[in-house]
2 protein chains.
Amino acid sequence: MKLADLAALAGVSTATVSRALAGHPSVNTGTRERIRALAREHDVRPNQLARNLRLKSTGAIGLVLPLGHAKTQHLTDPFFLSLLGFLADLLVERGYDILLSRVIPDADDWLERVVDSGRIDGLLLVGQSDQFGVIERVAQRYRPLVVWGAHRPGQHHLTIGSDNVAGGRMAAEHLIAQGRQRLLFVGDPAPPEFADRLAGFAAAAHDAGVPHDVLATPMMPEAVNAAVAEHLARGAVPDAIFAASDVAAMSVLRALAEAGIDIPGTTAVVGYDDVTLAAHTSPSLTTIRQDLAIGAELMVDRLLKRIAGEPAESAIVPPVLIPRQSG
Amino acid sequence: MKLADLAALAGVSTATVSRALAGHPSVNTGTRERIRALAREHDVRPNQLARNLRLKSTGAIGLVLPLGHAKTQHLTDPFFLSLLGFLADLLVERGYDILLSRVIPDADDWLERVVDSGRIDGLLLVGQSDQFGVIERVAQRYRPLVVWGAHRPGQHHLTIGSDNVAGGRMAAEHLIAQGRQRLLFVGDPAPPEFADRLAGFAAAAHDAGVPHDVLATPMMPEAVNAAVAEHLARGAVPDAIFAASDVAAMSVLRALAEAGIDIPGTTAVVGYDDVTLAAHTSPSLTTIRQDLAIGAELMVDRLLKRIAGEPAESAIVPPVLIPRQSG
DNA sequence: AAACTTGTTGCAATCGATTGCAGGAATCGT
DNA sequence: ACGATTCCTGCAATCGATTGCAACAAGTTT
């Protein structure tokens with residue numbers, strides 16, 4: 001039942017009904033209570049769409065996962081789901097709904113379509129994928145936009161992310177401190193997050209005078225598994241592998257186990273993210289943790305500041321090495 | 001930029017612009033192309049809210065997790081996140097957006113508010129929690145509503161769920177076949193899903209002439225852990241525990257390990273759900289799998305049927321016992 | 001030349017709520 | 001008793017797109 005119907009029932013105008021339900025002070029106390037009682041009795045629930053249209057505010061935050069570099073990747077990715085869980089909890093606590101979309105950036109105005117749809121008050125983007133340019137362009141004019149990802153000098157869009165260069169460096173230093181000598185990076189070096197992890201990894205190796213290889217592969221589990229298997233079959237057995245993500249690291253573990261290689265005896269493995277699963281693989285996975293609880297809080301905090309018109313800047317969550325059995 | 005602005009630029013009415021962009025056949029081909037070119041050039045993106053209001057359809061599906069029995073439970077729950085992942089993938093493939101809310105059912109019209117908000121074309125509810133009555137009431141009049149949960153004879157709302165009674169029964173039979181004699185159910189027996197699991201468990205135990213106990217506890221990890229620890233401290237050491245969920249089962253594993261009890265030598269543990277983690281705990285967790293990929297497909301399929309005005313009925317996903325190390 | 005199609009476009013109502021402004025009634029001050 | 005406040009309520013515009021109906025021009029038929 002809508003406001004106009006209730007107005008007819010109560011013998012007043014919709015204007016008065018609207019004001020009564022909104023608790024507007026200018027409406028007479030008696031009338032207000034009468035209308036409210038009637039509203040309860042007759043199941044009146046105002047149409048949010050109409051309200052949003054008029055007020056130009058929706059109470060919803062967009063949450064988008066752009067899938068440029070892995071068109072077959074699904075929302076079931078544990079890293080994304082975990083971050084999503086934290087973000088959702090925080091946003092709901094603050095009274096926002098979440099409009100979730102998975103976008104495959106084919107048309108190059110995909111981001112414009114999202115922000116100009118009028119359906120959201122702000123947007124959280126998880127991962128820059130290969131859409132750096134698009135994001136920059138939109139961020140120039142659309143303020144309430146926060147991205148999980150890497151920060152480049154001079155960029156205009158607001159990012160929250162872990163320091164991937166530092167994380168990659170930590171991985172390499174940790175492995176080298178164990179005396180590992182033949183380092184291998186496994187993953188897709190194209191997306192900025194992964195590129196930074198590799199850069200830090202390579203820099204630390206270089207500083208220590210240790211050589212390293214790069215095994216570039218798409219991030220899908222079977223692809224990683226196959227790439228590592230083939231690499232091993234060629235007789236190249238590294239004594240340390242740094243995988244671009246935990247999910248990739250788990251495929252690496254599997255490929256090594258299938259090749260009968262001892263972990264960490266022969267080859268150490270270090271992952272990235274510290275997804276919940278990482279503590280429970282066997283052997284359990286040494287990894288670089290991104291603290292998503294903190295990251296999510298930073299994202300939401302910055303986004304709400306931007307929505308309120310206040311300034312807010314990028315921030316970095318420091319990565320932490322979590323040593324476990326795999327290396 | 002909105003349609004009216006473009007109309008002014010093109011020297012036509014908004015009506016014509018609307019029809020041109022929608023590809024309505026009655027508009028002159030020349031005019032249509034001229035308007036479309038202008039639209040591309042000037043970044044015209046119609047306001048979805050206004051469109052939705054007029055058309056009374058939104059292209060969004062609500063996804064709600066009611067948290068009646070665990071007011072502190074979060075969206076980070078792995079079972080929910082996993083189902084959410086599957087649902088989101090399916091819905092996005094079909095062109096729907098997802099409006100995600102976590103609801104704490106305090107006011108008893110929480111569900112009415114969601115379905116009458118005008119913001120969604122249909123609703124998926126994950127879990128009935130303790131809100132069976134509310135859901136029944138709304139389902140009487142609101143058709144596009146699909147619930148993940150238990151099916152009661154004579155109920156009106158459409159549910160997809162695993163056969164929890166059969167699942168509970170399988171757990172008990174599996175344990176009894178190993179010669180286990182002192183069975184214990186751990187969990188909150190109030191929500192219908194859990195009640196069914198307990199009912200099947202109890203029935204199978206009764207059929208086999210084996211006694212069983214019930215340790216009722218809230219489902220939060222610390223609560224389960226504490227409840228089991230206290231139970232053990234009272235000297236009652238069961239030789240088999242059936243936990244209402246995998247997450248609860250993991251707390252049970254921890255409590256047993258902390259009490260120095262051998263698993264599965266002294267006490268076997270069986271969980272429910274088969275979350276990804278269950279295969280990776282140590283010892284790995286024997287559990288009753290709910291196939292969420294299939295469940296999600298059934299939910300989306302039924303919901304879209306209902307939205308299209310077609311009839312659709314409840315369905316059941318058969319549970320499967322996954323034997324692992326814990327029992 | 002009158003009557004009738006056909007093709008294209010615009011007017012204005014509609015979706016349902018919010019709110020500035022105006023106006024009527026009641027109360028107050030002098 | 002008359003103007004000035006104060007209080008309350010309703011009118012009507014507004015948010016932006018969609019669409020039935022009417023209108024008009026150009027072409028066709030008789």
Side-chain angles (χ1 to χ4, degrees), chain A residues 1-40 42-60 97 112-121, chain B residues 1-40 42-60 97 112-121:
Chain A
M1 175 141 152
K2 57 183 183 175
L3 293 205
D5 301 339
L6 181 57
L9 270 177
V12 296
S13 71
T14 57
T16 302
V17 172
S18 171
R19 283 190 274 249
L21 295 180
H24 199 284
S26 79
V27 49
N28 180 288
T29 319
T31 332
R32 167 153 35 91
E33 289 315 317
R34 191 165 55 86
I35 292 177
R36 288 197 168 171
L38 236 48
R40 262 191 302 279
H42 289 90
D43 289 341
V44 175
R45 266 170 300 272
N47 183 302
Q48 294 301 312
L49 230 52
R51 177 165 207 280
N52 295 340
L53 176 60
R54 180 62 230 252
L55 298 183
K56 297 186 160 212
S57 110
T58 68
D97 287 328
E112 274 93 350
R113 281 212 301 270
V114 173
V115 302
D116 292 332
S117 70
R119 300 216 280 192
I120 54 175
D121 292 344
Chain B
M1 174 141 153
K2 56 182 184 177
L3 293 203
D5 301 338
L6 181 57
L9 271 177
V12 296
S13 71
T14 57
T16 302
V17 172
S18 171
R19 283 189 275 249
L21 294 180
H24 199 282
S26 79
V27 48
N28 181 289
T29 318
T31 332
R32 165 150 38 89
E33 289 315 317
R34 192 165 53 86
I35 291 177
R36 287 196 170 171
L38 236 50
R40 260 191 302 278
H42 288 90
D43 288 341
V44 175
R45 266 170 298 272
N47 183 303
Q48 294 301 313
L49 230 51
R51 177 165 206 279
N52 295 339
L53 176 60
R54 179 64 230 253
L55 297 183
K56 296 186 161 209
S57 109
T58 68
D97 287 328
E112 274 93 350
R113 281 211 301 268
V114 173
V115 301
D116 293 332
S117 71
R119 299 214 282 192
I120 57 175
D121 292 345

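Within every chain, numbering begins at 1; the chains are lettered A, B, ... in the order of the sequence lines, protein sequences first and strands thereafter.
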Next on the checklist: Side chain of B/R54, heavy atoms from C-beta onward: which of C/dT19, C/dT14, C/dG16 has the nearest atom to it?
Outcome noted: C/dT14
Checklist outcome for this item: Atom CG of A/L49 and atom P of D/dT18 are separated, to the nearest Å, by 13 Å
Item to check | Rounded interatomic separation in angstrom, taking CG from A/N52 and P from D/dA17 | outcome: 16 Å
Item to check | Residue pair B/I120, B/V114: steps toward the side chain to side chain contact (heavy atoms under 4.5 Å, CB included) verdict | outcome: CA-CA 8 Å; B/I120 57 175; B/V114 173; 4.1 Å; yes
Checklist entry - Has B/K56 got a side-chain N or O lying under 4.0 Å from the OP1 or OP2 atom of D/dT18? => result no
Next on the checklist: From CG of A/L6 over to C1' of C/dG16, roughly how many Å is that when rounded to an integer?
Outcome noted: 13 Å
Could you run down the sub-3.5 Å N/O contacts of the protein with nucleotides 5-12 of chain C?
residue : atom : partner : partner atom : Å
C/dT8   : OP1  : B/N28   : ND2          : 3.2
C/dT9   : OP1  : B/T31   : OG1          : 2.9
C/dT9   : OP2  : B/N28   : N            : 3.0
C/dT9   : OP2  : B/T31   : OG1          : 3.4
C/dG10  : OP2  : B/S13   : N            : 3.0
C/dG10  : OP2  : B/S13   : OG           : 3.1
C/dG10  : OP2  : B/T16   : OG1          : 2.6
C/dG10  : N7   : B/R19   : NH2          : 3.0
C/dG10  : O6   : B/R19   : NH2          : 3.0

Item to check | A/L3 side-chain proximity, nearest of C/dG16, D/dA17, C/dT18 | outcome: C/dT18
Checklist entry - Are B/H42 and B/D5 side-chain neighbours, meaning at least one heavy-atom pair lies under 4.5 Å? => result no
Checklist entry - Just how far is it from atom OG1 of A/T14 to atom CG of A/L21, taken to the nearest 0.5 Å? => result 11.0 Å
Item to check | Nearest atoms (heavy-atom pairs only) where A/V27 meets A/A20 | outcome: CG1-CA, 4.0 Å
Checklist outcome for this item: In whole angstroms, the gap separating P of D/dC15 from CG of A/N47 amounts to 18 Å
Checklist outcome for this item: Overall bend of the helix from C/dA1-D/dT30 to C/dT30-D/dA1 (five pairs an end, 10° steps) is 60°
Checklist outcome for this item: Those residues at least two apart in sequence (or on a different chain) that pass salt bridge (charged side-chain N to carboxylate O under 4.0 Å, His left out) with A/R34 are none
Next on the checklist: Measuring only between side-chain heavy atoms, which start at C-beta, is B/M1 closer than 4.5 Å to B/L9?
Outcome noted: yes
Next on the checklist: When you measure from the side chain of B/R119 to the backbone of A/T58, do you find a donor-acceptor pair of N or O atoms at a distance under 3.5 Å?
Outcome noted: yes
Checklist outcome for this item: When rounded to whole Å, the NE2 to C1' distance for the pair B/H24 and D/dG20 reads 10 Å
Checklist entry - Which part of the nucleic acid does B/L55 contact within heavy-atom distance under 4.0 Å: base, sugar-phosphate only, or nothing? => result sugar-phosphate
Next on the checklist: From C-beta outward on B/A50, which listed nucleotide comes closest to its side chain: C/dG16, D/dG16, D/dT18?
Outcome noted: D/dG16
Checklist outcome for this item: Against the side chain of B/L53, the closest entry in C/dG16, C/dT18, D/dA17 is C/dG16
Item to check | CG on B/N47 to CG on B/N52, rounded to 0.5 Å | outcome: 8.5 Å
Checklist outcome for this item: Separation of C/dA17 atom C1' from B/D116 atom CG, nearest Å, is 15 Å
Next on the checklist: Do A/V44 and A/K2 make a side-chain contact, defined as non-hydrogen atoms from C-beta onward lying under 4.5 Å apart?
Outcome noted: no
Checklist entry - Nearest-Å distance, NZ (B/K2) to P (D/dT18)? => result 14 Å
